[in-house]
Amino acid sequence: MSSTVVTRFAPSPTGFLHIGGARTALFNWLLARKLGGRFLLRIEDTDRERSTPEAVAAILDGLEWLGLDWDGDALFQFARADRHREVVEEMLAKGRAYRCYASAAELDDMRALARAEGRPPRYDGRWRDRDAADAPAGVKPVIRLRAPTDGVTTVEDGVQGRVVFPNKDLDDFVLLRSDGAPTYMLAVVVDDHDMGVTQIIRGDDHLTNAARQTHIYEALGWPVPAMAHVPLIHGQDGAKLSKRHGALGVDAYRALGYLPAALRNYLLRLGWSQGDREFFSTPDMIEAFSVSGIGRSPSRFDFAKLENMNGHYLRGMADADLRDTLVAALPHLPDGPALLSKLDDSRRAKLLAAMPGLKERAKTLVELADGAGFLFAARPLAIEAKAKEILEGGGRAHLAAMLPGLRALEGWSAASTEAAVRAYAERAGAKLGQVAQPLRAALTGKAASPGIFDVLDLLGRDESLARIADQATA
RNA sequence: GCGCCCAUCGUCUAGCGGUCCAGGACGUCGCCCUUUCACGGCGAAAACACGGGUUCGAUUCCCGUUGGGCGCGCCA
């Protein structure tokens with residue numbers, strides 16, 4: 001246990017925690033938990049314009065909901081600006097960085113010219129070796145890294161393998177802005193180093209940055225952490241997951257009725273695999289995870305598969321747990337608050353009793369809540385279109401004819417009502433379905449529900465009889 | 001434009017030179033179960049992007065083409 005792994009998740013608080021970030025966080029979390037290391041959280045808020053406290057809250061909330069707990073307090077990058085400047089002073093002193101007085105207009109021209117000549121738009125190093133005495137008066141300089149111009153920089157990546165970048169393509173990027181604020185490129189390196197990060201797992205949009213950051217590590221004489229760049233997640237159409245393609249924050253997945261355990265499992269299998277295995281409980285995925293199992297090609301997000309997986313987790317839960325999970329989620333679900341306001345002890349009990357029949361018909365908590373709707377409905381019930389058709393198409397007559405027999409029942413249970421209904425069907429020369437469907441329509445207002453005799457039992461004698469009577473005479 | 005990454009069924013993927021006329025999962029379709037809808041069971045259709053090599057032998061290795069993606073800011 002001499003070399004403990006330290007991983008981190010480092011989002012910038014400029015928006016919600018999106019699905020790609022959630023997966024990155026999951027991978028880092030899994031590795032730390034598997035190896036008995038630490039999983040740290042760093043908020044990269046050096047962009048003062050775009051960072052917001054709301055976004056910070058959304059990210060923390062999202063991670064908590066997903067069950068990804070971080071070790072220690074979250075670190076805010078902006079608060080470490082003094083330390084970042086200190087490191088730059090050190091680089092300046094060692095000649096590994098220099099002041100650049102080029103104006104914004106100058107840089108624009110430089111890039112435009114490079115493009116026109118078919119060269120990559122890079123800083124040309126015009127202040128790299130210039131005398132400080134040449135500095136124009138009144139211009140605050142930026143500080144740039146004195147990067148190697150020849151040779152190559154190699155990134156040993158846990159996912160991508162050995163990736164080699166010609167140094168001529170990597171320019172002298174900015175470390176400190178003219179107002180003295182550190183840039184992301186600098187801050188990441190300093191913070192990862194100071195936090196003792198040993199393994200970086202992040203999106204492969206950072207792969208090129210890895211080479212640039214390697215230059216900083218080398219300039220400082222610091223060891224480069226192990227890196228793993230994970231291919232990005234794309235939308236269902238193959239294009240980048242963006243707002244317009246329905247990129248959602250994890251809070252949206254909660255509102256859609258997904259279970260954190262199911263989302264974790266889905267996210268794990270999106271880009272990571274271990275043979276044919278699909279299902280991993282949380283302890284199992286901690287046990288099984290490894291960087292070497294991460295795939296190299298980008299993947300597309302597939303709601304259908306997530307939904308299927310969520311259904312598996314839903315059905316696999318114990319009834320009481322699922323009932324409690326549903327109740328706890330109600331505030332976040334579309335019509336949840338309304339149901340919550342009607343939830344009393346009696347309904348809590350009924351919800352539990354109904355769970356076996358409900359859960360195998362639902363893939364999400366939203367569907368589960370919807371299925372449970374008949375337990376909360378008040379008379380007279382709202383009747384859906386399909387249920388109405390059943391009632392209009394001869395259903396009401398059956399209800400009226402069944403009523404006396406049901407009323408005369410001694411005991412009221414699934415078994416006793418089933419016997420009565422079957423007896424009636426036989427007498428009427430009807431198939432069970434022909435009488436069960438009108439009952440379902442009257443009792444639930446829908447054309448689909450759990451087994452009808454269970455519904456009768458759940459609702460109880462008085463409520464059942466009243467609902468049937470409502471529709472028999474309507 | 002330059003650099004880098006990627007390329008197996010519609011989707012997620014297994015495959016790490018012969019075991020592959022390519023396996024699993026989701027989705028789709030059919031059948032069974034059945035009071036509805038589901039669940040469950042059974043079955044079907046469905047892929048190695050293309051072209052060159054290397055090799056006795058390529059889905060697996062190399063090169064190119066094509067197609068995607070990412071990066072190239074005093075953003076992160």
Side-chain angles (χ1 to χ4, degrees), chain A residues 10-14 44-47 49-51 77 100 102 104 107 111 114-123 140-144 155 157 159-161 163-166 168-171 173-179 181 183-185 187-188 203-209 211-212 229 231-232 234 236 238-240 266 269-279 295-309 311 315 357-363 367 371 386-387 390 418 421-422 425 431-437 439-441 444 446-453:
Chain A
S12 56
T14 54
E44 310 217 315
D45 57 348
T46 53
D47 184 341
E49 300 290 303
R50 299 195 297 154
S51 297
Q77 192 160 61
C100 165
L107 294 173
R111 280 188 272 269
R115 235 171 231 285
E117 293 177 359
R119 289 182 291 111
R122 307 264 186 277
Y123 176 69
K140 291 204 164 175
V142 300
I143 296 176
R144 290 180 181 271
V155 175
D157 192 276
V159 172
Q160 311 289 346
V163 186
V164 178
F165 297 88
K168 65 177 171 55
D169 296 324
L170 273 12
D171 60 0
F173 54 89
V174 175
L175 299 171
L176 226 49
R177 293 184 254 256
S178 52
D179 64 358
T183 61
Y184 158 83
M185 209 65 79
V188 171
D204 77 0
D205 49 337
H206 286 291
L207 190 53
T208 318
N209 291 337
R212 296 177 200 282
H229 289 88
L232 303 178
H234 293 172
Q236 278 164 319
K240 187 181 180 179
Y266 176 73
R269 284 289 290 103
L270 193 63
W272 178 90
S273 64
Q274 186 183 65
D276 285 339
R277 187 166 175 192
E278 297 283 350
F279 288 93
R296 306 219 279 164
S297 53
S299 44
R300 301 184 190 201
F301 194 89
D302 182 12
F303 271 100
K305 185 147 184 173
L306 203 213
E307 208 160 280
N308 172 276
M309 196 160 252
R315 291 192 296 278
L358 252 22
K359 70 182 179 185
E360 71 180 23
R361 290 173 173 76
K363 290 201 169 70
E367 290 177 2
K386 279 185 184 167
I390 292 165
E418 174 163 5
V421 172
R422 283 191 187 275
K431 285 187 164 184
L432 187 54
Q434 290 175 284
V435 301
Q437 280 303 80
L439 271 177
R440 192 180 322 275
T444 70
K446 299 180 181 188
S449 80
I452 197 61
F453 306 115

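For the ring pair (Phe, Tyr, Trp, His ring centres under 6.0 Å) test, residues two or more places apart in sequence or in another chain that qualify with A/Y184 are A/H206. Under the rule for a salt bridge (charged side-chain N to carboxylate O under 4.0 Å, His left out), A/R315 has no partner lying at least two apart in sequence or in another chain.
Distance CD (A/Q437) to P (B/rU34): 16 Å, rounded to an integer number of Å. Straight-line distance from the CG atom of A/L175 to the P atom of B/rG73: 15 Å, rounded to whole Å.
No hydrogens or angles were tested; on distance alone, nothing pairs the side chain of A/K363 with the base of B/rA38 as donor and acceptor under 3.5 Å. In terms of polar N and O atoms assigned as donor or acceptor, the side chain of A/R296 never comes within less than 3.5 Å of the base of B/rC6 in a complementary pairing.
Contact check, A/R277 against B/rU13: no side-chain N or O comes under 4.0 Å of OP1 or OP2. Neither OP1 nor OP2 of B/rU36 sits under 4.0 Å from any side-chain N or O of A/R361.
A/R111 comes within 4.0 angstrom of the backbone, heavy atoms only, and of no base.
Under the Watson-Crick or G-U wobble criterion, with both distances below 3.5 Å, B/rG1 is paired with B/rC72. A 3.5 Å limit on both hydrogen-bonding distances identifies B/rA25 as the Watson-Crick or G-U partner of B/rU11. Base pairing analysis places B/rC37 opposite nothing; no Watson-Crick or G-U wobble pair with both distances below 3.5 Å involves it.
A/R212 and A/D171 are joined by a salt bridge, as a carboxylate oxygen and a charged side-chain nitrogen come within less than 4.0 angstrom of each other.
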